[in-house]
Every structure is written in C-alpha cells, then in structure tokens.
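This report concerns only the one structure given below.
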There are 2 protein chains.
Amino acid sequence: MFSNSSKYAIKSVLFLAINSTENKKIMVKDISIPINVPKAYIAKLLQELAKKNMISSVRGPKGGFYLNEENLNRTVLDVVRVIDGEKKLNACMLSLKKCNEEKPCPLHNILSESRNKILKNLKNKRIKDLAYEVTLGNSFLPL
Amino acid sequence: MFSNSSKYAIKSVLFLAINSTENKKIMVKDISIPINVPKAYIAKLLQELAKKNMISSVRGPKGGFYLNEENLNRTVLDVVRVIDGEKKLNACMLSLKKCNEEKPCPLHNILSESRNKILKNLKNKRIKDLAYEVTLGNSFLPL
DNA sequence: TCTTAAATATGATTTTTATCATATTACTTC
DNA sequence: GAAGTAATATGATAAAAATCATATTTAAGA
C-alpha cells in the first residue's frame with residue numbers, strides 16, 4: 001500500500017517532530033541511525049520533503065532539518081502523498097481503471113471500507129498529534 | 001499492499017472460477033485478453049498457481065486450466081499468500097521488525113484494525129463465493 | 001573574505017519486480 | 001507411434017524502486 005520511501009519519510013518526519021525545533025536543527029547523519037534508514041537514501045528523501053514544504057531546512061554550518069509550525073500541522077497522509085503521489089493512494093486493489101463506487105470491482109466491497117478508513121485516519125492525524133502520542137508512550141520508539 | 005502479480009493471480013483465478021470446469025478447460029491465450037494481462041506474464045503466474053495447487057491444469061491437446069472443487073474452496077487470501085509470501089502480508093506498516101500488538105509502532109493503532117479486517121475478509125472469502133457474487137452482478141466484470 | 005560545514009542537485013549503481021522468449025515435456029488424436 | 005497441441009521449466013530482458021556517491025551551493029564564524 002505504501003512504498004518503502006513513504007515509510008521512511010514518515011519515520012523521519014516523526015523523528016524530527018519529536019527531536020527538533022528551529023533552534024535545534026538535526027543533520028542527516030543524526031537522523032539516519034536512529035530511524036534505521038541508510039544515510040544517502042534518507043538524505044535524498046529529506047531533500048524532497050523539504051522542497052515540498054513538509055519539513056524545513058537550512059544549510060551551511062549550524063544547519064540541518066527541523067519542523068516549523070506549518071510542518072507540524074501537516075497530516076501523515078500529506079507525507080505519503082508527496083512521496084508516493086496521488087494515483088498510488090487511490091488505485092483500485094485489482095488495478096482496474098474503471099473500478100469505482102458505482103461500478104465496483106469484485107474485491108471492492110471486501111476492501112474499500114477498510115481502505116477508506118485507513119486513508120481517513122491518516123488524513124485526520126497531524127504530525128503533531130502523532131508525535132504527541134509517541135511521547136506519551138502510547139506508541140514506542142526505536143523507529 | 002499487494003503486488004501486481006497477486007492482483008493478476010486473483011483476476012485469473014476468478015476468471016477460471018466463472019468460466020471453466022474440468023470439462024471446459026481454458027488455455028492461457030484465452031485468459032490473457034479478457035483479464036487484460038500480458039500473455040507471457042500470466043502464463044508464468046498460472047504455472048506457479050498450478051504448482052501450488054491453487055488451480056488445476058492438464059497439458060497437451062484439449063488441455064488447459066480449470067478449477068476443481070478443492071481449488072474453488074481456496075480463499076482469496078490463499079492466492080495472495082502463494083504469490084506474495086507470508087512476510088509481505090504481515091509486515092508492519094512502518095517496516096519495524098519489532099512492531100506487534102504489545103509494543104505497537106506509532107502507526108499501529110491507526111492502521112492495524114483496518115488492516116486486520118482486510119485480511120480477515122480475504123480469508124473468509126472463498127474463490128467460490130467471490131465468483132458467485134460476481135455472477136449475481138454484485139460486482140461487475142471486465143477484469 | 002576565507003574556511004568549513006551543512007543541505008542540494010544530479011546522476012550512477014544495485015536490487016527487485018514485471019515482462020518476454022523459448023526449448024522441453026506430456027497428453028490426444030489419428 | 002507420429003504429429004501436433006498445450007502446459008512447464010528456465011532463463012533473458014526491461015522497467016521501476018531502492019540505494020549509493022559526489023560535485024555544487026549556501027550559510028556561519030574566524
């Protein structure tokens with residue numbers, strides 16, 4: 001359902017939400033290890049996320065990545081969307097182009113309700129919210 | 001969530017369920033077009049499905065593919081399982097090795113309920129059932 | 001303003017997935 | 001039992017996703 005890249009992106013954004021502020025920027029090399037993603041790979045992803053305004057960055061010494069208020073208010077779905085793109089998210093489970101609510105494909109009824117629920121949950125969950133839950137211990141770390 | 005191959009596999013099994021019997025076998029070339037999957041590709045998939053006893057086949061003239069009673073009683077999940085393998089199905093949405101019900105990852109609560117429901121539905125749905133629904137018109141064809 | 005530290009841009013490599021091609025084997029029919 | 005037909009086994013190629021590498025640009029601080 002989600003690509004590896006999306007998963008990595010969520011992990012890194014969440015990590016930044018918890019550990020960074022504008023006054024405490026974090027460098028790629030300090031993200032890579034704790035979230036357990038290869039450095040060069042996450043570097044590229046972070047660049048893409050920054051370009052799409054999902055995270056903030058400044059370069060040069062004392063530079064790094066962090067989340068500003070706008071970034072914190074993005075939803076988890078936003079993150080997935082900028083990485084995987086719209087089509088993948090809404091693709092029919094049998095990859096039938098013509099499948100939709102009126103003309104559902106054979107698996108549509110079995111899957112669509114749950115799938116829509118997942119998307120709705122991801123859309124309702126801001127990065128800020130997720131980070132808050134994690135710090136409360138509702139979910140464990142080691143990403 | 002599911003690979004292309006799994007989707008193709010479901011389509012072809014469903015097509016066979018609806019259109020074939022032991023006395024009316026169907027050849028690859030007559031499956032490929034209606035389900036809209038490249039011939040050489042579906043051929044290979046059908047071979048794999050046959051080897052795993054998800055579908056039946058006989059070769060030579062008058063040969064082809066069909067579903068026997070055992071095949072018809074397989075579930076949709078079985079089909080996905082033989083193609084994609086167990087790991088992919090149960091993988092955590094953030095790909096965290098240690099994520100489980102007791103120690104859930106940050107997205108676990110958002111996703112696991114819906115995901116489990118999908119898996120349950122796929123497990124409860126026999127090929128036979130799905131074919132029946134389709135012929136009733138509860139779901140449309142052109143696969 | 002020079003040096004250094006960091007992200008950025010760009011693209012090469014590797015791995016995985018999807019797709020294609022063909023020689024071999026088994027079954028029918030004559 | 002020979003000829004033809006269809007699946008099977010095997011592997012080659014192509015495309016996409018994941019991973020790695022590096023030269024360039026920007027900002028900070030001396």
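Numbers restart at 1 for each chain; the letters A, B, ... are given by sequence-line order, proteins then strands. The structure presented is a predicted model; accordingly, all values stated were derived computationally and were not measured. Computed from heavy atoms alone, side chains included, the values below leave out hydrogens, waters and symmetry copies.
The residues Glu70(A) and Arg74(A) are annotated as salt-bridged, a charged nitrogen and a carboxylate oxygen being separated by less than 4.0 angstrom.
Rounded to an integer number of Å, the gap from NZ of Lys7(A) to C1' of dA18(D) is 13 Å. Protein atom CD1 of Ile83(B) is 18 Å distant from nucleotide atom P of dT16(C), rounded to whole Å. The nearest whole Å value for the distance from the OH atom in Tyr66(B) to the C1' atom in dA6(D) is 14 Å. If you take CG of Leu45(B) and P of dC20(C), they are 12 Å apart, rounded to a whole angstrom. Regarding Lys29(A), its NZ atom lies at a distance of 9 Å from the C1' atom of dA5(C), rounded to whole Å. Whole-Å rounding puts the Glu48(B) CD to dG11(D) P distance at 15 Å. Remark: P of dA7(C) and CG of Leu49(A) are 14 Å apart, rounded to the nearest angstrom. If you measure from atom CD1 of Ile35(B) to atom P of dT19(C), you get 12 Å, rounded to the nearest angstrom.
Around atom NZ of Lys117(A), no more than 12 heavy atoms belonging to other residues, nucleotides or ligands sit under 6.0 Å away. The number of heavy atoms from other shown groups lying within 6.0 Å of NZ (Lys25(A)) is above 12. Residue Glu48(A) places its CD atom among more than 12 non-hydrogen atoms of other residues, nucleotides or ligands, all under 6.0 Å distant.
Here the side chains of Glu133(A) and Leu130(A) are in contact, with some heavy-atom distance below 4.5 Å.
Taking the nucleotide of DNA chain D with the nearest heavy atom to each of Lys51(B) and Asp84(A), the more 5' of the two is matched to Lys51(B).
Residue contacts for Ile26(B): at a heavy-atom cut-off of 4.0 Å it reaches the sugar-phosphate backbone alone, with no base atom in range.
The side chain of Ser3(A) lies closest to dA18(D) when the candidates are dA18(D), dT8(C), dA6(D).
Remark: the backbone N or O of Asn19(B) is paired with a side-chain donor or acceptor of Lys24(B) at under 3.5 angstrom.
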Task: Contact pattern, 5' to 3', of nucleotides 20-30 of chain D - B, S or - by protein heavy atom under 4.0 Å - done: B----BBBBS-
- [ ] Kindly determine whether Ser32(A) and Tyr41(A) satisfy side-chain hydrogen bond (donor to acceptor under 3.5 Å, both in side chains), including the steps that lead there.
- [x] CA-CA 9 Å; Ser32(A) 160; Tyr41(A) 193 11; over 6 Å; no
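Distances shorter than 4.0 Å separate none of the side-chain N or O atoms of Ser5(B) from OP1 or OP2 on dT17(C).
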